[in-house]
A.B. asks: 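The structure is given below, and queries will be raised subsequently.
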Amino acid sequence: MKKYHDTILIVEGDADERMFMKRAFQKLRIKSPIQVVGSGNEAIAYMKGEGRYADRKEYAYPSFILTDLKMANGDGFAVLAFLNRNPDWAIIPTVVLSGTASPEDIKKAYRLGASSFHVKPMAYDDLVKLLSTLHEYWMSCEVPEVDEH
């Protein structure tokens, strides 16, 4: 199946977690472009194409988004709410990878449009397995192209 793009956007506030996720995708030999941002506000700027993210050839709309919830400078709930308010961007599958499984957080994430919710694995090999499963699943889905404004 041919995708119009296959960019993955990782939204993660912790630098070590970002590194582990990027390494996991490299271990899986994922060829998709992977963009990484460190906060919800940065993810929103990415989606809007603001500032350094203005070049859509370099910073394409993602095929799917992986976001943490608890971050400084805009949390994952802010990302979900932002996407949910914009019908053109709400179509992008958005997967929550959280450090906790709070029932309130899970409910709120789904209410804001999360496509799925997963607790971050503690072991690196388990992270690799989870990211492999998520990548295989979301890259096999038909996702409509995001309209540029």
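What's counted below: heavy atoms across the whole structure, side chains too, no hydrogens, waters or symmetry copies.
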A.B. asks: Is a salt bridge present between K120 and D68, judged by a nitrogen-to-oxygen distance below 4.0 Å?
C.D. replies: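 Looking at D68 together with K120, the answer is yes, because their closest N to O distance falls below 4.0 Å.
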A.B. asks: Is there a side-chain contact between V11 and I65 (heavy atoms, below 4.5 Å)?
C.D. replies: yes
A.B. asks: Can you list everything that forms a side-chain hydrogen bond (donor to acceptor under 3.5 Å, both in side chains) with Q35? Sequence neighbours excluded, please.
C.D. replies: none
A.B. asks: Between V119 and G99, which heavy-atom pair has the shortest distance, and what is it?
C.D. replies: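 Closest pair (atom of V119, atom of G99, distance): CG1-O, 4.2 Å.
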A.B. asks: Grab the two heavy atoms, one from E17 and one from D14, that are nearest each other, plus how far apart they are.
C.D. replies: N-OD1, 2.8 Å
A.B. asks: Under 3.5 Å, is there a donor-acceptor pair between the side chain of S98 and the main chain of L69?
C.D. replies: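 It does not hold such a pair.
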A.B. asks: Tell me if the OH atom of Y137 is crowded by more than 12 foreign heavy atoms within 6.0 Å.
C.D. replies: no
A.B. asks: Taking the side chain as C-beta and beyond, is there a heavy-atom pair between L97 and L131 under 4.5 Å?
C.D. replies: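 They are in side-chain contact.
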A.B. asks: Could you tell me if the side chain of T7 sits less than 4.5 Å from the side chain of F64, heavy atoms only?
C.D. replies: no
A.B. asks: Which value, rounded to the nearest 0.5 Å, describes the distance between L134 atom CG and S132 atom OG?
C.D. replies: 9.0 Å
A.B. asks: Are M71 and Y46 co-members of a hydrophobic cluster defined by side-chain heavy atoms under 4.5 Å apart?
C.D. replies: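 Yes: a chain of side-chain contacts under 4.5 Å links Y46 to M71.
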A.B. asks: Looking only at non-hydrogen atoms, find the nearest pair between R18 and G13 and report the distance.
C.D. replies: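 Closest pair (atom of R18, atom of G13, distance): NH1-O, 3.2 Å.
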A.B. asks: How many angstroms lie between CE in M19 and CD in Q26, if you round to the nearest 0.5 Å?
C.D. replies: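 Interatomic distance, M19 CE to Q26 CD, rounded to 0.5 Å: 10.5 Å.
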A.B. asks: State the NE2-CG distance between H118 and L127, to the nearest 0.5 angstrom.
C.D. replies: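 The CG atom of L127 is 12.0 Å from NE2 of H118, to the nearest 0.5 Å.
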A.B. asks: For A109 versus V96, what's the shortest heavy-atom pair and its separation?
C.D. replies: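 The pair with the smallest heavy-atom distance is CB-CG2, 4.2 Å.
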A.B. asks: Can a donor-acceptor pair be found, under 3.5 Å and without considering hydrogens, that links the side chain of Y53 to the backbone of A60?
C.D. replies: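 Between the backbone of A60 and the side chain of Y53 there is no qualifying donor-acceptor contact (under 3.5 Å).
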A.B. asks: Do the non-hydrogen side-chain atoms of P33 and D6 ever get within less than 4.5 Å of each other?
C.D. replies: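 P33 reaches D6 side chain to side chain.
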A.B. asks: Has the side chain of D126 got a donor or acceptor atom that lies under 3.5 Å from a matching backbone atom of P121?
C.D. replies: no
A.B. asks: I want to check something: taking the side chain as every heavy atom from C-beta on, are L83 and T94 in contact at a cut-off of under 4.5 Å?
C.D. replies: yes
A.B. asks: Which heavy atom of E42 sits nearest a heavy atom of G38, and at what distance?
C.D. replies: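 Here E42 and G38 meet closest at OE1-N, 3.0 Å.
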A.B. asks: Parallel, tilted or perpendicular: which describes the rings of F117 and Y110, with under 30° parallel and over 60° perpendicular?
C.D. replies: tilted
A.B. asks: Roughly how far apart are Y59 OH and L9 CG, rounded to 0.5 Å?
C.D. replies: 11.5 Å
A.B. asks: Starting at CG of N84, measure out to CZ of F77 and round the result to the nearest 0.5 Å.
C.D. replies: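 Going from CG on N84 over to CZ on F77, the span is 13.0 Å.
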A.B. asks: Check this for me: E50, atom CD, are more than 12 non-hydrogen atoms of other residues, nucleotides or ligands nearer than 6.0 Å?
C.D. replies: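 Enclosed: over 12 neighbouring heavy atoms sit under 6.0 Å from CD of E50.
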A.B. asks: With a 3.5 Å distance limit and no angle check, can you tell me whether T133 reaches the backbone of K129 through a side-chain donor-acceptor pair?
C.D. replies: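 Yes; judged by distance alone, with no hydrogens or angles, the pair exists.
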A.B. asks: Look at the rings of Y61 and W89 and say which category their plane angle falls in: under 30° parallel, 30 to 60° tilted, over 60° perpendicular.
C.D. replies: tilted
A.B. asks: Which residue pairs pass the salt bridge (Lys or Arg N to Asp or Glu O under 4.0 Å) test when at least one of the two sits in residues 102-119, sequence neighbours left out?
C.D. replies: K70-D105
A.B. asks: Going only through I, L, V, M, F, W and Y residues with side-chain contacts under 4.5 Å, is there a path from V36 to L130?
C.D. replies: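 Shared cluster, yes.
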A.B. asks: What's the shortest heavy-atom distance between P93 and S115, and which atoms?
C.D. replies: CA-OG, 3.3 Å
A.B. asks: Between L66 and F25, is the side-chain contact (heavy atoms from CB on, under 4.5 Å) condition met? List the steps.
C.D. replies: CA-CA 12 Å; L66 297 167; F25 279 122; 3.8 Å; yes
A.B. asks: Taking the side chain as every heavy atom from C-beta outward, state whether T67 and V95 have any atom pair closer than 4.5 Å.
C.D. replies: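 They are not in side-chain contact.
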A.B. asks: Indicate if I8 and W138 have the same hydrophobic cluster label, given that clusters are the connected sets of ILVMFWY residues with side-chain heavy-atom separations under 4.5 angstrom.
C.D. replies: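 Both belong to a single hydrophobic cluster.
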A.B. asks: Could you check whether any side-chain heavy atom of M21 comes within less than 4.5 Å of a side-chain heavy atom of I34, counting everything from C-beta outward?
C.D. replies: no
A.B. asks: Mind checking whether E58 and R52 have side chains closer than 4.5 Å, heavy atoms only?
C.D. replies: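 Not in contact.
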